[in-house]
Amino acid sequence: MGAARPWQPLAGAVVGALGLACLLRRPASSAGGALRLEAAAPLRFGARGAYEKTAGVGYPWLDGEVLVEPFRETTLYAVNHNGEAVTWMVNGAHAVGEETSRTFETVGEHSVWLETRTRAYASRVVCRYVRREIRSLSDDDREAFFRAAGVLYATPDAEGARAYGRAYKSAAYFIATHNELSGDRTCDHFHDGLGFLPQHAAFTLRFERALQSVDPKVSVPYWDYTIEAYDVAVAGDMAAWRRSPVFRDDWFGDAQPEGHVVNAGRWAYTAVARASSADTANAYGLIRAPWNVNKVPYLTRANTTFGFSLSDVPSCADHYAVMQTTAWSDFGVDVQYNAHGTVHAMIGGVTGADLQATLLGLGMRAIPAENIALEAFATQKNLWRAGQLDCPTGCSSDAPVNDCKCACTKLQTWLDEDRAAGILLSVSPIFADDLYLTNRRGADVSEAILSALCNVGDDLAPSIGDSLESASPLDISFYPTHPTVDRLYHWRRINGFSDETWTDDMARSVSFEDVGYCWGHNLNDTLVWGDDLFADGAAGPYTNAMLWAAFDPTDGNSPTPYVYDTFEWPHCAAQGYPLTLIGNATNAEASGKAMVDDAVEYVAR
C-alpha cells in the first residue's frame, strides 16, 4: 500500500457543493466483528469580527450563511474538527491552523474550503456592509464615520476625485442635489410621494460610497430616534430628547446652540455655500430653499418652530403603526410623516416669526394655534409652489430680513373677495376644520391667519433651520436619519406587503387639494442616479422600478451592498410593543395610535 495522503475521504463520505452532507466513520473492531456506523458531527466554520452580536438576522438569504464585513479583519475558526489539524483555502489563499484571519475587500461571496485528515467542507462567506445604530458603533468606528464625513464637507469634488477616485462626491454635491430636487417650484421630486423611500435609499447609498472612497470600511449608521422618544417618556421631560448623546460636540453637535448657530465641536460654523447662477437659492444667494429667508451663512438649529416647542416626536407608537401598513402605496407615503418628518422639525426649527403670539392673540384655541404654527413651514412652501407666495432674489448680505422676506402680492385682492378661507384650504387640509379658522368666541379669523402666513408684520420674517428645508443635507444629522426609515422598509418588505402595487400620479406636492404627477414619484420615471450608484457600475440612469428591484432586501443577488444589524426594538418592547414591531401590541396606546394625523403632518424639505 502506498503512503497515505494528507487527507483522504473515507468510504461513504459525500461532499457536496456546500459541504459534507454525511460522513461515516469506521470504529475500532468490536466483539464478534460486527460493523457499527456513527454519524460524525459535521465539519463547519464560523466567523468572528469586531462585533459580538450576529448581524443580518432576518434576511432570508442570510439564513445559514456566514456574514463578514468588507475591509475588516475577520477570524474564521473551525468547528467540529475533533482536534485534527485544519487546512484552509480561502479565495485561493492557503492557511493552516484552527483559525485563520482574512480581510475581504469586495462585497459578494468568497469561497472557503477547509479540511482535516478525515473530513472536508466547501462553502462560502457572504460579505456585506452592516449599518448599525449609531450608539452601538465602537468609538473607533463612529469616529471613522464622522472623520470621513468631515473630509466630504471640507474637500471639493475635483480635489476629492484626484485624491480618492471617481466614487468621491463632496457634501456640497449632496446638498445642492437635494436642494434642487426638493426646492423646485413645480413640485417636490424627493418627498410627498412614492419616490421618497427609493430615492433617499439611493441618495444615502451614494453618500456612503463617497465615504468609502475616503475610508473603505465605513458605512452610514442609522439613528433610531425612537430611543430618544422612549427617554422622553421615561423622564417625562422633552429636554431628555436634546440631552441625547447624539448631540455631543463630536457627534452631531448641539441641538440648541446659543444664537442658533452650531458654534462648537466638529461641525462648528459649517458654512452654507453661495449659489451659482445654476443653483437653487434663497433671497440671499445661499444654497437654501427659495422660501427660506435665513441669511445666516452657517448651519443653524432652533428649539422652537414659529414660537412653539414640538412635543410629538417620532416614537415607537409611530413606527409600530406604520409597520402595520401592508400595502406598499400606503406605506411608502405614510412612513415620511409621523414616523420620520418631525425629527427634522425638532432639529431645524423656525425663528424670526412668533406665530404663537399672533394666533393666541387672535383668541384661538391652543391646539389649533399650535398645529397651524408647527405646520406653517410646510404651508408657506405650499403657498410658494402654488404661486401665491413670492420670494425675492438678489438681496445683499447686509439687507434686513424684513426687506427680503416672501410675501403674497395678491393678498389684498383675496381679502377684498373674501377668499382667505379658500386659499388656506387649498394649501393645507387642516383648514377644513372650522376650529382652525375661528377663535374661542366663534369669530372668523381666517383673514388674520392668512395675513400672518403671508408674513405681514415686522415680527414675521421666518428663518428656517437647515434640517427643516430643502438643503437639509447641510446638517450632518440628515445622513443617519434616513437609514432609520430604510430599515423599516427592509423589515416590512421582508415580512411581505399584501399589495405591492405602485400607484402613479399620487404626489402631494403638486396640488394640495388633490394628488397628481410629479417627476420622481412614478414607477418608470427616470431619475438622477447614474452608473456610479452601485460599485458594479451597472448602467444607469435608474428608474424607480429599477431601484425597487435593486433595493429588494429579500434578494441576496441584488446589488445592495449593505444589511441592517438587527430588526429588534427592545426599547419598544419595554413599552408593550412587539420586539420586532410585527404582531399585536399589548399597550393600549400602541393599539390605538393613529398612524397619520392629517392635522399635524410634517415632512422635511
Side-chain angles (χ1 to χ4, degrees), residues 185-188 192 290-293 305-308 310 312 337 341 345 350 352-391 405-462 464 506-516 518 594 596-603 605:
R185 192 155 195 177
T186 58
C187 62
D188 188 326
D192 296 326
W291 59 88
N292 182 8
V293 75
T305 296
F306 287 98
F308 285 92
L310 184 64
D312 188 19
Y337 300 109
V350 181
D354 191 352
L355 275 183
Q356 180 182 44
T358 300
L359 298 175
L360 294 180
L362 296 173
M364 291 194 71
R365 296 169 182 84
I367 291 177
E370 182 176 8
N371 289 342
I372 290 171
L374 291 175
E375 196 187 54
F377 78 93
T379 305
Q380 289 190 324
K381 168 190 59 64
N382 297 347
L383 283 166
W384 174 77
R385 282 217 167 94
Q388 296 160 335
L389 185 73
D390 294 309
C391 303
K405 64 184 181 182
C406 305
C408 300
T409 55
K410 297 180 181 178
L411 176 62
Q412 191 57 52
T413 300
W414 299 335
L415 300 183
D416 292 343
E417 296 176 355
D418 196 25
R419 295 177 57 197
I423 295 293
L424 290 171
L425 181 58
S426 73
V427 292
S428 176
I430 64 175
F431 294 108
D433 188 334
D434 283 346
L435 287 175
Y436 288 83
L437 299 170
T438 58
N439 63 15
R440 291 178 182 275
R441 298 185 301 275
D444 187 332
V445 292
S446 60
E447 291 188 356
I449 295 171
L450 180 59
S451 296
L453 290 171
C454 289
N455 297 326
V456 174
D458 290 343
D459 58 343
L460 294 174
I464 305 173
M506 62 178 294
R508 296 184 175 188
S509 63
V510 181
S511 167
F512 302 94
E513 296 175 285
D514 199 0
V515 295
C518 176
V596 176
D597 180 355
D598 286 336
V600 196
E601 281 190 349
Y602 303 93
V603 64
R605 303 291 182 268

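Position 1 is the first residue of the sequence; numbering continues from there.
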Test item: [X] and [Y] side chains (from C-beta on) under 4.5 Å apart, heavy atoms:
X: L355; Y: L460; value: yes
X: I449; Y: M364; value: yes
X: L383; Y: I423; value: yes
X: F306; Y: E375; value: no
X: N455; Y: P462; value: yes
X: L310; Y: L374; value: yes

| field | Contacts of R419 that satisfy salt bridge (Lys or Arg N to Asp or Glu O under 4.0 Å) - sequence neighbours left out | value |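 Partners of R419 under the salt bridge (Lys or Arg N to Asp or Glu O under 4.0 Å) test: E417.
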
Working to the nearest 0.5 angstrom, can you tell me the gap between [X] [atom1] and [Y] [atom2]?
X: L425; Y: L437; atom1: CG; atom2: CG; answer: 8.0 Å
X: L424; Y: I372; atom1: CG; atom2: CD1; answer: 8.0 Å
X: K405; Y: C454; atom1: NZ; atom2: SG; answer: 10.5 Å
X: L389; Y: T379; atom1: CG; atom2: OG1; answer: 11.0 Å
X: L435; Y: T438; atom1: CG; atom2: OG1; answer: 5.5 Å
X: T305; Y: Q356; atom1: OG1; atom2: CD; answer: 11.5 Å

| task | May I have all residue pairs that pass side-chain hydrogen bond (donor to acceptor under 3.5 Å, both in side chains) and include part of residues 440-449, sequence neighbours excluded? | result |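 Sorted result for residues 440-449: D444-S446.
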
| Is the W384 ring parallel, tilted or perpendicular to the W291 ring (thresholds 30°, 60°)? | tilted

| query | Can a donor-acceptor pair be found between the side chains of N382 and Q388 at a distance below 3.5 Å? | reply | no

| query | Side-chain donor-acceptor pair under 3.5 Å between Q412 and D416, yes or no? | reply | yes

| Side-chain (N439) to main-chain (G442) donor-acceptor, under 3.5 angstrom |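 Checked: pair present.
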
| query | Side chain of S509, backbone of C187: donor and acceptor closer than 3.5 Å? | reply | no

For [X] and [Y], which heavy atoms make the closest approach, and how far apart are they?
X: A369; Y: L359; answer: O-CD1, 3.4 Å
X: A373; Y: F308; answer: CB-CD1, 3.3 Å
X: L411; Y: S451; answer: CD2-OG, 3.9 Å
X: A507; Y: C518; answer: CB-CB, 3.6 Å
X: A366; Y: L360; answer: CA-CD2, 4.2 Å

| said: Surrounding CG of D418 (heavy atoms of other residues, nucleotides or ligands, distance under 6.0 Å), is the total greater than 12? | reply: no

| task | Test S428 against Y436 for side chain to side chain contact (heavy atoms under 4.5 Å, CB included), laying out the working first. | result | CA-CA 11 Å; S428 176; Y436 288 83; over 6 Å; no

| message | Looking at D390 and R185, is any side-chain nitrogen of the basic one under 4.0 Å from a carboxylate oxygen of the acidic one? | response | yes

